[in-house]
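Residue numbers begin at 1 in each chain, while the letters A, B, ... track the order of the sequences.
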Amino acid sequence: MLVLPPSGVTLFMRRSRFLINTLKETPKEAVVVSHVLMMRTCMIKQLASGIYTLMPLALRSVRKIETIIREELDRAECQELSMPMVQPAELWRESGRWQAYGKELLRFKDRKENGYCLGPTHEEVITDIARREIRSYKDLPVNLYQIQNKFRDEIRPRFGLMRGREFLMKDAYSFDVDEEASSVSYQAMYDAYKRIFTRCGLNFKPVEADSGAIGGSYTHEFHVLAGSGEDEILSCNNCDYAANVERAELAAMPPAGVPADAADPVEVHTPAKKTIEDVAAFLEVAPETCVKTLVFRAGDDIVGASLMGHRELNEAVLRGRLDVAELELVTDTATFEKHGLCPGFMGPINWPKDVPLYVDEEVMGRETVVTAGNKRDYHLTGVVPARDIKPTEVLTLRSARAGDGCPRCGEGVYASYRGIEVGQVFKLGTRYSQAMNATYLDADGKEQVMVMGCYGIGVTRTMAAAIEQNHDKDGIIWPVQIAPFHVALLNLDVKDDEVNEACEAVFKGLRAAGAEVLIDDSPLRPGPKFKDADLIGLPIQVKVGSRSLKQGNIEVKVRKTGERRTVPLAGAVDEVLGLLREQGWNASPGQV
RNA sequence: CGGGGAGUAGCGCAGCCUGGUAGCGCAUCUGUUUUGGGAACAGAGGGUCGCAGGUUCAAAUCCUGUCUCCCCGACCA
């Protein structure tokens, strides 16, 4: 009875046989919309913190995403394989990450006391494969991928599938003879990713990003745009430049000179005005004219960082300059006192000589500013940075933000978006191949290190992001390409033979065309069926009830627009198929 | 790891302060009437109150310990 297309996704299911218990109320632990809706539609069940069962409805959507990924990666001449989730510690010691990875790596021992971990990613394993199997430049390039569960012992799992500990990920790894060839592989994956997320029906943006801890040189993140996204991305409104805010570049700002009429700074009594907001309000100046100064512990050293009051510090820049992995904001009184610093009133004037002071170039670009006085309850107005501030070094310490000028085209300005990172393409260079000795012989018979790239897509996170981006107050609005089914066929009178026959006719017509149908043949009243259909959010709803059937009609509703059409039973199938195609659906060959 | 909150029926919650036979709504099952945007009535099943100690004649309730989950922060290929 069940028709199995090549993807393994059945073409229909009867609600009466389908395990789906929808909830009217929201489970209390769900705080983001994708989590709420996945709980309410019985898509996921939590087993432990950050660990979920994918119920039948969710798995169907996951399979759709997987299929799109496979088709596009296969088109890009990648090869699928499957690597073990359990990995020996020895391999991770070789790459140096057994030490470096931290507690996200879930480690354990087997009965013989040998160390293992659950794979959070597979660079080590794939590099081991490559060094064993690839001998010659004639074997390259190679791009291998898998779609597999990963485990990362996140500090704080949250938001359901958005940040779980166990999750489904597609990870691909490219091996090339040199940097130039690696760039070709990188670009091929970049292009494949654009096709994948387009085919998933998602509104997304590829952005330049920070390379983080994995160790590499060049990377793009793919973000699904959604107001609830965890990442801020900046995009030029004039050219193609877009970047994660951590990485977004800023146009250089020339230092200002000393104004001809510049007076000396004036000390002003500002009792208990510690924050920029308080000081600006008290002095009746804009926060943009006040300088704030932060003190960090960087390893054993203490450093200061000054930037304009309305700006956020880009910690990555300071970390990079100081070559430290972590910066900790100093809050303890003892440290402040030791260096003669006055919390709440720290400024670049009269700065202690034993503490390096890094100043943002925007500060030096101002003719006059307001700073704290390094003295309790006092600020200085009329400070001329070019004359009065003696920085250890001037850096671009501030984070870019919306409205800042684009450094690439020089014409546009940044607009800000929220994004959910669903994919990343990454040039690894020889970070792993070097450490693990993955080499090949070139045409001259000389041993060369392979150049690698790695490419991830969070499959389950992509599904969550799709819901974050596509929903309304009533429920999910699935993009047709990754919807668990295409059509919700609602039988409103299961006891009425004519209605049953009409449903069967519509169903058969849709099935013959390759559309996937969820038939609601439950004995529920119409109201709950409508609510459930909206909640589950399949692209098209077909309602067959005795009332309109008496006139020979049925009703078709488009979930996305809410548009309802009453159509004759005879034309219903074509009507539905037309609406599905309008949304970008096309039956895969062989799926009929 | 720091701060906050919560564990009582499948889900959402009350009861705890002031100890005395565990309750409400939704869901589930049966029946009747309903039947096009989450029906009504009647009845039924379902909980060792997270776990372990302790206090007490008596503990969901008080005390101690412990586990789990959630939120904020730090972190995040």
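Listed pair Ser49(A) / rC70(B) meets the phosphate criterion, a side-chain N or O lying under 4.0 Å from OP1 or OP2. Contact annotation: Gln46(A) side-chain N/O to rC70(B) OP1/OP2 distance is under 4.0 Å.
A distance-only check finds a donor-acceptor pair linking the side chain of Trp478(A) to the backbone of Ile536(A) [under 3.5 Å]. Side chain of Tyr173(A) to main chain of His122(A): a donor-acceptor pair is present (N/O by atom type, distance under 3.5 Å, no hydrogens or angles).
Screening Tyr101(A), Trp98(A), Tyr432(A) against Trp92(A) for a ring pair (Phe, Tyr, Trp, His ring centres under 6.0 Å) leaves a single residue, Tyr101(A).
Atom C1' of rG19(B) sits at a distance of 13 Å from the matching atom of rG15(B), rounded to the whole Å. Using P as the reference atom, rU61(B) and rG2(B) are 28 Å apart when rounded to the nearest Å. Straight-line distance between the C1' atoms of rA6(B) and rA14(B): roughly 15 Å, to the nearest whole Å. Rounded to a whole angstrom, the distance from the P atom of rU64(B) to that of rG45(B) is 39 Å. With C1' as the reference atom, rA22(B) and rG36(B) are 41 Å apart, rounded to whole Å. rU66(B) and rG3(B) have their P atoms separated by 15 Å, with the value rounded to a whole Å. For the P atoms, the distance from rG50(B) to rC13(B) is 15 Å, rounded to whole Å.
Spacing between atom CZ of Arg156(A) and atom P of rC75(B) amounts to 13 Å, rounded to whole angstrom units. Atoms CZ (Arg547(A)) and P (rU35(B)) sit 11 Å apart, rounded to a whole Å. Remark: C1' of rC69(B) and CE of Met39(A) are 11 Å apart, rounded to the nearest angstrom. As a whole-Å value, the separation of Glu312(A) CD from rA74(B) P is 11 Å. Between Leu524(A) atom CG and rG37(B) atom C1' there is a gap of 13 Å when expressed in whole angstrom units. The separation between Arg559(A) atom CZ and rG37(B) atom P is 17 Å, rounded to whole Å. Atom-to-atom, CD1 of Ile155(A) to C1' of rA74(B) comes out at 7 Å; the value is rounded to the nearest Å. Rounded to an integer number of Å, the gap from Arg525(A) CZ to rU33(B) P is 15 Å.
Between the side chain of Arg564(A) and the base of rG37(B), at least one donor-acceptor pair of N or O atoms lies under 3.5 Å. The base of rG36(B) is not paired with the side chain of Ser546(A) by any donor and acceptor separated by under 3.5 Å. Side-chain atoms of Lys45(A) and base atoms of rG10(B) include no donor and acceptor less than 3.5 Å apart. The base of rG10(B) has none of its N or O atoms less than 3.5 Å from a complementary donor or acceptor on the side chain of Asn21(A). For rC76(B), its base sits under 3.5 Å from the side chain of Arg163(A) at one donor and acceptor pair at least.
Among the protein residues, Lys529(A) comes within range of no part of the nucleic acid, since none of its heavy atoms lies under 4.0 Å from any strand. Across all strands, Glu29(A) comes closer than 4.0 Å only to sugar-phosphate atoms, never to a base (heavy-atom distances). Using a 4.0 Å heavy-atom distance criterion, Pro27(A) is classed as a sugar-phosphate-only contact. Within 4.0 Å of Tyr455(A), counting heavy atoms only, lies no atom of the nucleic acid at all. Within 4.0 Å (heavy atoms only), Asp532(A) reaches at least one base atom of the nucleic acid.
Inspection of the Tyr417(A) and His223(A) side chains reveals no N or O donor paired with an N or O acceptor under 3.5 Å.
Base pairing of rA74(B) is not made with any nucleotide, judged by Watson-Crick or G-U wobble geometry with both donor-acceptor distances under 3.5 Å. The partner of rU30(B) is rA42(B), by the rule that a Watson-Crick or G-U pair needs both atom distances under 3.5 Å.
Taking the ring centre of Tyr116(A) as origin, the terminal cationic atom of Lys109(A) falls outside the region bounded by 6.0 Å and 45° from the ring axis.
Across all non-hydrogen atoms, the minimal contact from Ser522(A) to Arg15(A) is CB-CG, 4.3 Å.
To the nearest 0.5 Å, atoms CZ (Arg131(A)) and OG (Ser433(A)) are separated by 11.0 Å.
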